[in-house]
There are 2 protein chains.
Amino acid sequence: MKLPPSASDRPPTSVDVARLAGVSQATVSYVLNDAPGVRISEETRAKVRAAADRLGYAPHASARALKTGRSDLVLCPVPDVALGSLFGIWMREMTERLGERGFRLVLLQGDAQAKGVAAARAWAEWRPAAVLVQEDRLTRAAVRQLHAAGTAAVVAIGPEPSALTPTLVFDDAGIGRAAARHLIERGRRRLAAVVPTEPVLRDFGERRLAGVLTEAAEAGGAAGSGLAVERVDLPFDEGAAAAVAARWAVSPDRPDAVFAYNDEYAVLMLRALQDAGLDVPGDVALVGADDLPWAALLRPRISSVRILGEGAAGDTADWIAGLIRDRERSPAVHRALTRVEIVPRESS
Amino acid sequence: MKLPPSASDRPPTSVDVARLAGVSQATVSYVLNDAPGVRISEETRAKVRAAADRLGYAPHASARALKTGRSDLVLCPVPDVALGSLFGIWMREMTERLGERGFRLVLLQGDAQAKGVAAARAWAEWRPAAVLVQEDRLTRAAVRQLHAAGTAAVVAIGPEPSALTPTLVFDDAGIGRAAARHLIERGRRRLAAVVPTEPVLRDFGERRLAGVLTEAAEAGGAAGSGLAVERVDLPFDEGAAAAVAARWAVSPDRPDAVFAYNDEYAVLMLRALQDAGLDVPGDVALVGADDLPWAALLRPRISSVRILGEGAAGDTADWIAGLIRDRERSPAVHRALTRVEIVPRESS
DNA sequence: CGAGGTTGGTGAAACGTATCACTTATACGT
DNA sequence: ACGTATAAGTGATACGTTTCACCAACCTCG
């Protein structure tokens, strides 16, 4: 393959394409963008496309963003890329669905500490169409900064609707509810819920615990009580888990069921409970969450709450696209990943 | 907090800042960029900065990129965000280190199928300073396309130096070597190495297997042989693993040690081996990799190869920055994550 | 045969920034 | 007092697009 006769060493521009095709630069723009309501003959279109191809022309996104005043970027600053496989699946699908609607989802990470208006200013520099960000990293000033910089949609991600801006609600409480319902149906009455102490996970843990409490309260009213919920704050540490298990081993009113936040904490609790001489599920039932593939391989196989991520991203992408188009006339709340189901196995 | 008296609803520009500060737009640019070799009084600098602050001015990154011809973006198209925690740690550190050098690392995902020149054209649109991408998604035409669009550094990520462009070598073979060395030192002679059949993981698996083979060959020469390595292609499926274990259970020359690719495959093999009546580590030793926290909690606790990610990113960031500055005079190969160590536990 | 519509384009003006080439005012050396 | 050096800053241009306002043919029809 020969190099096209490049007039210079600078990247080819639409002017170069126009020159090669023998048309004006405006025509190139119209053709390559398939501009609606513009009449260009098929013959000319073919010439332009051929010229663009020959030159390996790639439009200058920055020039376009400058001219139009906004980019097709949807920024998503994340605290940590490895937030779990569920997040990865959701992200991949969101990327695809937003792409179909003309947007490009981009992950920023690293500036986990950057919050508020300083972070907002950094995000605003690329004039994104939308910013998707964890609710607790937003302030009123940050939202205003982003809007002032032309960001059409500032979307908070959190467990409940934000007062500041439209919110994408991830229903972590529903995970706790599903776990609790399952355990109660199996006849368990004294539930424990693990809340991780790690910075990022704690907030999710709180919500999952809240779901357990909600479900227990409802079932308690219906089934005539006897229901109790114990909260267990736990770092991912074998010693800490062992201490909890040791306490339970000698306690007459120990929990007969544990919702362990997720499958990783479930294996932590499993080990501790077994080491303390407690049988799972005989003495204590155990439920994790996220349905990680390897959790089904343990002894006993661990029951888990599965979150159904597939297919839901299309609606969310539509919501975000709508928000970008017209923030006023779009619903301020969208719920994602609401479909959860228990996968019962040997541990409960 | 009151809104600054915004003259319009458009985002503030450097001209607005200049007007408010009573200076020219050029001065604003010089001050806010700390331009070297330009003499501006401290008094004026203060005025400009105050005005920018009052207006909530955020520079228009696209306008800057258009003017300067290049952006500070380092694009990293990844097939899947949840590539494992190690990748996450490495990414976070790279983001930080590149940030210190004036670059912004950005993750693109989703277009996993996009390869070659079409993908390159899409990446080139933002005129990134560098593109970091899995080696197998590059072609000669793609590299040329990116360079033609002004990308200073096209970096391949792969197990060995690419012929096309500078390469960031991730030494997966070293992981296999470390596992094999450990097992051989423990007196094992008939090794098996698991290679996942999943699309993304297979390539890594091949490299880890290659490391096992290398180490076995070297040790075989020294220790007087008897060493054998069996390759096990395995999907993450309990039935498939059980079939392998069942075959081994009745085989006189079954492996006495398995390197399971990673900790997840290790638990898959562990379950299958135990179900087949084989003792771990009595009959078969087992080693995983990635040192996931929960793998240490199984029965038996699983030995693992740990990759030391911390601290190595600074050198890599320097290398990439050097590549961007002067591609010709920079080394064409950089090795990352070369420090691995075995974490021996009960399973080996 | 000329008014008016349609087809197929073109010219030129921004968008917000960086930066080169100047300009003005003051200080300095003799 | 004169020329020169320096400090402090300004004016204007160009980067590559999109898009608005035109324009030249050609066709149609009374």
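Chain identifiers are assigned alphabetically (A, B, ...) following the order of the sequence lines, protein sequences preceding nucleic acid strands; residue numbering begins at 1 within each chain.
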Determine the minimum heavy-atom distance between Leu323(B) and Ala153(B), stating which atoms define it.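 So the minimum-distance heavy-atom pair works out to CB-CB, 4.0 Å.
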Decide salt bridge (Lys or Arg N to Asp or Glu O under 4.0 Å) for Asp318(B) and Arg101(B); before the verdict, give the C-alpha distance in whole Å, the side-chain angles of both, and the deciding distance to 0.1 Å. CA-CA 8 Å; Asp318(B) 275 333; Arg101(B) 288 154 183 79; 2.6 Å; yes
Kindly write out the residues that satisfy side chain to side chain donor-acceptor pair (under 3.5 Å) with [X], not counting sequence neighbours, or none if the list is empty.
| X | answer |
| --- | --- |
| Arg70(B) | none |
| Glu93(A) | none |
| Thr68(B) | none |
| His147(B) | none |

Determine whether a donor-acceptor pair (N or O, by modelled atom type, separation under 3.5 Å) exists between the side chain of Arg97(A) and the backbone of Thr316(A).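 Side chain of Arg97(A) to backbone of Thr316(A): no pair is present.
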What is the distance, rounded to the nearest whole Å, between atom [atom1] of [X] and atom [atom2] of [N]?
| X | N | atom1 | atom2 | result |
| --- | --- | --- | --- | --- |
| Glu125(B) | dG16(D) | CD | C1' | 13 Å |
| Leu66(A) | dT18(D) | CG | C1' | 10 Å |
| Lys67(A) | dT19(D) | NZ | C1' | 7 Å |
| Arg10(A) | dG16(D) | CZ | P | 6 Å |
| Arg70(A) | dT17(D) | CZ | C1' | 16 Å |
| Gln25(A) | dC20(D) | CD | C1' | 14 Å |

Run the salt bridge (charged side-chain N to carboxylate O under 4.0 Å, His left out) test against Arg335(A) and tell me which residues pass, sequence neighbours left out.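 Counting only residues at least two positions away or on another chain, Arg335(A) forms no salt bridge (charged side-chain N to carboxylate O under 4.0 Å, His left out).
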Is there side-chain contact between His60(A) and Thr13(A), with heavy atoms separated by less than 4.5 Å?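 The answer is no; the side chains never approach within 4.5 Å.
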Does Ile157(B) reach the side chain of Leu132(B), with side-chain heavy atoms less than 4.5 Å apart?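 SC-SC contact between Ile157(B) and Leu132(B) confirmed.
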Pull out every residue in residues 28-37 of chain B that has a heavy atom closer than 4.0 Å to any atom of DNA chain C, ordered by number, or say none.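 Contacting residues: Ser29(B), Tyr30(B), Asn33(B).
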Salt bridge (Lys or Arg N to Asp or Glu O under 4.0 Å) between Glu42(B) and Arg49(B), intermediate numbers included: CA-CA 10 Å; Glu42(B) 201 43 63; Arg49(B) 280 195 267 260; 3.6 Å; yes
Nearest nucleotide by nearest heavy atom, which residue falls closer to the 5' end of DNA chain D, Arg127(B) or Val23(B)?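 On the 5' side of the pair lies Val23(B).
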Which residue, Gly22(B) or Thr68(B), contacts DNA chain D at a nucleotide closer to its 5' end, judged by nearest heavy atom?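 Its nucleotide being nearer the 5' end, the pick is Gly22(B).
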Sorted by number, the residues of residues 40-50 of chain B with heavy-atom contact under 4.0 Å to DNA chain D: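 Within residues 40-50 of chain B, the residues near DNA chain D are Ile40(B), Ser41(B), Thr44(B).
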Roughly how bent is the helix from dC1(C)-dG30(D) to dT30(C)-dA1(D) end to end, in steps of 10 degrees, with each end axis from five pairs?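 About 50° separates the two local helix axes.
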Could you list the residues that satisfy ring-ring contact (aromatic ring centres under 6.0 Å, His included) with Tyr30(B), not counting sequence neighbours?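 Residues passing ring-ring contact (aromatic ring centres under 6.0 Å, His included) with Tyr30(B): none at all.
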Partner residues of Tyr57(A) under the ring-ring contact (aromatic ring centres under 6.0 Å, His included) criterion, sequence neighbours left out: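 Here no residue qualifies.
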Reading DNA chain C in the 5' to 3' direction, which nucleotide is the first one with an atom under 4.0 Å from a heavy atom of chain B, and which is the last?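 From 5' to 3', the first and last contacting nucleotides are dG16(C) to dC20(C).
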Tell me which donor-acceptor pairs under 3.5 Å the side chains of residues 31-38 of chain A have, and how far apart each pair is, sequence neighbours excluded?
unit_1   : atom_1 : unit_2   : atom_2 : d
Asn33(A) : OD1    : Arg64(A) : NH2    : 3.3
Asn33(A) : ND2    : Ser29(A) : O      : 3.2

Counting any heavy atom closer than 4.0 Å, what does Arg64(B) reach on the DNA or RNA strands: base, sugar-phosphate only, or nothing?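 Sugar-phosphate, no base atom in range.
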Could you tell me whether the phosphate oxygens of dG9(D), OP1 or OP2, come under 4.0 Å of any side-chain nitrogen or oxygen in Ser24(B)?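 Checking Ser24(B) against dG9(D): no side-chain N or O falls below 4.0 Å of OP1 or OP2.
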